[in-house]
Amino acid sequence: MIAGADPLFAHGVTGVVILIVLIKVVVGFAAWMGAVVLMIWFERKAISDMQSRIGPQRWGPFGLLQTLADGLKLFFKEDLVPAESDRLVFKLAPYLSLVPALVTFAIVPIGGTLHIAGHAVQLQVANPPMGILVMLAMSGISVYGVMLAGWASGSKYPLISSVRASAQMISYEAALGITVVTVILVSHSLTTHGIVLAQGQGIWHWNVIRLGVVPFVIFWMAITAELARPPFDVVEAESELVGGFNTEYSSIRFALFYMAEFMNTITMSAIIVTLFFGGPAGWVPPVAHLRWVFPILWFLLKTAIFAFCYVWFRAALPRLRYDQVMDLGWKRLIPLSLGWMLIVAGFLVAPGWGFVMAAAVLLASVVLAIAFERGASRSTGPESVLAPVGRRPLPEERLRALTDREEG
Amino acid sequence: MTATAYALPSIVVFVTAAVLIVVGAIGVLAVRNPVHAALSLILTLFGVAVAFIAQSADFLAAVQVIVYAGAIVVLFLFVIMFLGVGRSRHDHVEPLVGQRPLAAFGVAVTVGGIIVLLARSHWVTGATSASGSSLVKGTGNVHQLGTAIFTTYLYAFEATAALLVIAVVGAVVLARRERATEEAE
């Protein structure tokens, strides 16, 4: 029943197997927590460099212990629960934010397969048969943390933020899912282990190249929007929403949200690497007993590059407007990912079908573009998107007519 | 019914899933606050997902979480938040007179029917029991599901897809028409 794709359970569940699983969980968790601390430090330091500041420097060498100091400070701050809040949900929300971030990392393969005491041990915490679907499920669940936090605060701006968050995450989930389908199509496997193995034969087999770069770009944008990282962080746009969904949070609960954000950043960098950049695949030098180390190093290097890119986005890109976020998701990414999936599926059947599909997609995109054009000229413009409840703002001509009449 | 000896892990998993499902379901009915009710619903959905995994239906479990917990209940919450359903709402007036006895009758019929079906036969195929794995050895769950959907049940699948698209288009048309009349004022 439990035996899935993991060869560890192939010979039954014994004491040794349970011990190995426990060690994997503990080591994975510890290493990952360390990575989160490092990531927070790295983000602050890199952003400081980009903004010609010094950044954290007081605690530890290069300010490395700054995060620990911050954590300690947050622990001892007063924990406020607003009077208007829904107490139960208010306290639950930070954990709902944290748990999906934790669970997703469990399926990321960080290395090859080790052989310990006659057991084949895959270097990933879990390798469930539904594999990458766990990632999609958890990214679907992660919306609850933000959404309920905003609602439970009993305050206006957090509520707006949570409504934005739920709309944004649902919109981008479709594009995310469809690009994952393209990856699954060429990998012939749902498990992350299988996806990584299918890319193992060298750089030309990495999905980023094999699928054309488009799915990777769509996935990257969609996952950034799912995380509500800049430039898609309309959820916590401080110029519009005070602090967003976590305005009313303080002390350790705020720290949990903060940690969840950075956990998600690392996890999603790792997921990108797994899906499109071969995961731990890379050149392994012929060293006798250390062959298993190099895949891990490759994985860490690739993940670090993407983590850096997220920091870079935050420093370099201005935040999108809310209606732009929605337009990009629904009108660009979803049709594009769908079309690309059809083309990839066509080429998998036969090159001829691939070209047929490409022609069909081209035709469909022309039709879609005409539809967008006509739709844009018909509606009252982007303002209508911003006011879905109650009266929409009056069109400018009518406003002007009203004021002119008053003056006259 | 075949008398199968269940292993302890299976029992633990089943009991956990069952408790999650039942507690969540009772919560949906008993809790006053609509947001809390939606959260209870998520609990139930997760319980069902666990039950699916225990039946080796991994794909179904994942889809259960992605679609129901990840999208549909989020939309419920979205609507609840948008409509601003207050925490101190008093619904003492019944919108439909006599719905409670009718609902009780409906529940009694449904539960009775389920019990009879469970006791006498397999509810889909009419067989008295369905035991063992129907999976062909060597192929995955998803593989088989995909093969079934795209060969045997292709028309049903496509019909469902068309139905959903029609529903979406219909919803959009209805929503747009309202806006057009508003502009014509």
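Residue Tyr157(A) qualifies as open at atom OH: its count of foreign heavy atoms under 6.0 Å is 12 or below. Heavy atoms of other residues, nucleotides or ligands lying less than 6.0 angstrom from OH of Tyr153(B) number 12 at most.
The most heavy-atom pairs under 4.5 Å with chain B, out of Val163(A), Leu88(A), Leu136(A), come from Val163(A).
Only the side chain of Ile170(A) comes within contact range of chain B, judged by heavy atoms closer than 4.5 Å. With a 4.5 angstrom heavy-atom cutoff, Ser142(A) does not touch chain B via any of its atoms. In this structure, the portion of Leu190(A) lying under 4.5 Å from any heavy atom of chain B is its side chain and not its backbone. With a threshold of 4.5 angstrom between heavy atoms, Val143(A) approaches chain B through side-chain atoms but not through N, CA, C or O.
Test Val74(B), Leu75(B), Leu77(B) against Ser166(A) for side-chain contact (heavy atoms from CB on, under 4.5 Å) and you get one pass: Val74(B).
With sequence neighbours excluded, no residue satisfies side chain to side chain donor-acceptor pair (under 3.5 Å) with Ser337(A). In terms of the side-chain contact (heavy atoms from CB on, under 4.5 Å) criterion, residue partners of Val109(B) (sequence neighbours excluded) are, by chain and number, Phe105(B). In terms of the salt bridge (charged side-chain N to carboxylate O under 4.0 Å, His left out) criterion, residue partners of Lys331(A) (sequence neighbours excluded) are, by chain and number, Asp327(A).
Contacts between residues 63-71 of chain B and chain A, counted as heavy-atom pairs separated by less than 4.5 Å, involve Val65(B), Ile66(B), Ala69(B), Gly70(B), Ala71(B).
The closest side-chain heavy-atom distance from Leu148(A) to Leu39(B) is below 4.5 Å. Side-chain contact between Tyr144(A) and Val73(B) is present, with heavy atoms from C-beta onward closer than 4.5 Å.
Closest non-hydrogen pair, Ala62(B) versus Ala137(A), comes out as O-CB, 4.4 Å.
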